Amino acid sequence: NQAMATTNKDKWLVAVEEEHQRMVDHKVFQPVPIEDMPKGAKVLTSTWAMKKKASGTFRARLNARGYEQVDGEHYDEDDKAAPVVSEATIRIVFILICMMGLHAELLDVRGAFLHGDFEKNRKVYMHVPQGMEHHYPKNHVLLLLKTLYGTKQAAIAFWRKLVDAFMKMFFSKSKTDPCLYFTWTMFGLILWLSWVDDCLVAGKEQGVFYAKKEM
């Protein structure tokens, strides 16, 4: 409401439409008639995070109100985490970069949490968000197909998807730090670190470029 009350209302409306299209492209949810919902199912609400970036870009991010989720119905309390690489591992990798003259680059996964899947085929419903009502019929709710930002399991679900990607790229996961991944290639040793939805890849320059392309 605050964003739409400014002189930049038109730009914020475009940002909201871009976010809706992002949801559609990632197949985050699908409309379901209210009468088709299981009896007693709780329906989550949502909220917006509106930000004008330093670049001048207007960004609208849709977030589910995860604090409304019910333990045992929408998630498991003991299955919440945001895996991050340890400080010791970061220091060791930085030392290797210096000693071996490795090239390193950062990688930010766009729409990271929109890649995660709900575990145990959970059914999580959400009211049609403010600003998106014109896209859906009345008396409908949205069945979440992906772990939308704000859901309690979004971070751990994305990490599991990330690990799957590394396994398909033939990387091994460290036994001492689950956010360190490595493999030996024709370009030599390639290392990946991850913290929530950000990654760092290090190795010989050509190997780093190849690894980033694979990811």
Side-chain angles (χ1 to χ4, degrees), residues 15 18-19 21-28 49 51 53-55 57 59-64 66 75-76 78-119 144-215:
E18 289 174 346
E19 180 71 346
Q21 189 58 50
R22 193 174 292 111
M23 300 292 116
V24 172
D25 292 343
H26 283 84
K27 299 179 181 178
V28 176
K51 180 181 180 181
K53 297 189 174 182
S55 62
T57 302
R59 178 73 164 91
R61 171 172 285 174
L62 179 64
N63 300 270
Y75 74 103
D76 289 326
D78 58 356
D79 193 32
K80 294 188 305 179
V84 296
V85 64
S86 73
E87 184 177 347
T89 302
I90 293 174
R91 290 177 181 274
I92 291 170
V93 170
F94 280 5
I95 290 170
L96 290 175
I97 290 172
C98 292
M99 292 178 64
M100 300 171 66
L102 303 180
H103 180 77
E105 292 198 14
L106 294 173
L107 179 72
D108 176 52
V109 180
R110 293 182 180 179
F113 290 177
L114 304 182
H115 293 282
D117 299 312
F118 284 102
E119 72 288 2
L144 297 185
L145 306 176
K146 298 290 182 180
T147 53
L148 181 64
Y149 285 91
T151 53
K152 290 181 178 290
Q153 61 270 69
I156 189 69
F158 168 71
W159 177 76
R160 287 170 178 151
K161 187 70 70 171
L162 189 66
V163 171
D164 285 344
F166 282 126
M167 296 302 105
K168 290 176 182 177
M169 292 164 58
F170 301 106
F171 277 78
S172 298
K173 180 158 58 74
S174 169
K175 295 180 180 179
T176 56
D177 190 328
C179 291
L180 166 64
Y181 323 88
F182 62 93
T183 192
W184 288 91
T185 71
M186 59 185 294
F187 307 110
L189 178 65
I190 302 293
L191 299 165
W192 282 90
L193 303 178
S194 69
W195 53 100
V196 191
D197 59 345
D198 291 300
C199 298
L200 179 141
V201 55
K204 294 300 182 181
E205 188 173 29
Q206 192 174 357
V208 166
F209 292 154
Y210 182 79
K212 282 188 69 176
K213 185 178 179 181
E214 267 198 311
M215 176 56 74

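As the structure is a computational prediction, the values presented were derived from the model and not from experiment. Residue numbers start at 1 and run along the sequence shown. Worth knowing before you read on, the calculation uses all heavy atoms, side chains too, and leaves out hydrogens, waters and symmetry mates.
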- May I ask you to check whether over 12 heavy atoms, not counting those of Tyr210, lie within 6.0 Å of atom OH?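 No, because the 6.0 Å sphere around OH of Tyr210 holds 12 heavy atoms or fewer from other groups.
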- So which pairs with a foot in residues 195-208 pass salt bridge (charged side-chain N to carboxylate O under 4.0 Å, His left out), sequence neighbours left out?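 As it turns out, there is no salt bridge (charged side-chain N to carboxylate O under 4.0 Å, His left out) pair with a partner in residues 195-208 once direct neighbours are skipped.
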- Given side-chain contact (heavy atoms from CB on, under 4.5 Å), test His115 with Leu162 step by step and report yes or no. CA-CA 9 Å; His115 293 282; Leu162 189 66; over 6 Å; no
Could you work out, with side chain to side chain donor-acceptor pair (under 3.5 Å) as the rule, every residue matching [X], not counting sequence neighbours?
X: Asp76; result: Lys120, Arg122
X: Thr57; result: Ser55
X: Arg61; result: none
X: Lys80; result: Glu77

Report the distance from atom [atom1] of [X] to atom [atom2] of [Y], rounding to the nearest 0.5 Å.
X: His26; Y: Leu148; atom1: NE2; atom2: CG; value: 11.5 Å
X: Lys27; Y: Leu145; atom1: NZ; atom2: CG; value: 9.5 Å
X: Glu119; Y: Ile156; atom1: CD; atom2: CD1; value: 10.0 Å
X: Leu114; Y: Asp25; atom1: CG; atom2: CG; value: 10.5 Å
X: Phe171; Y: Met215; atom1: CZ; atom2: CE; value: 7.5 Å

Residue list, side-chain contact (heavy atoms from CB on, under 4.5 Å) with [X], at least two apart or on another chain:
X: Val163; value: Trp159, Met167, Lys173, Tyr181
X: Val85; value: Thr89, Ile90, Asp177, Cys179, Leu193, Trp195
X: Val208; value: His103, Glu105, Val201, Lys212
X: Gln206; value: Phe187

- Test Thr183 against Phe166 for side-chain contact (heavy atoms from CB on, under 4.5 Å), laying out the working first. CA-CA 10 Å; Thr183 192; Phe166 282 126; over 6 Å; no
- Pairing residues for Arg91 by the salt bridge (Lys or Arg N to Asp or Glu O under 4.0 Å) criterion, not counting sequence neighbours: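 Arg91: salt bridge (Lys or Arg N to Asp or Glu O under 4.0 Å) contacts with Glu87.
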Check [X] against [Y] and note the closest heavy-atom contact, atom names and distance.
X: Pro83; Y: Ala155; value: CD-O, 4.3 Å
X: Asp79; Y: Arg160; value: OD1-NH2, 2.7 Å
X: Asn63; Y: Gly150; value: OD1-N, 4.4 Å
X: Ala211; Y: Trp192; value: O-CZ2, 3.6 Å

- Return each pair, listed once, that meets side-chain hydrogen bond (donor to acceptor under 3.5 Å, both in side chains) where at least one residue sits in residues 146-157; pairs must be two or more places apart or across chains.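 Sorted result for residues 146-157: Gln69-Gln153, Asp117-Lys146.
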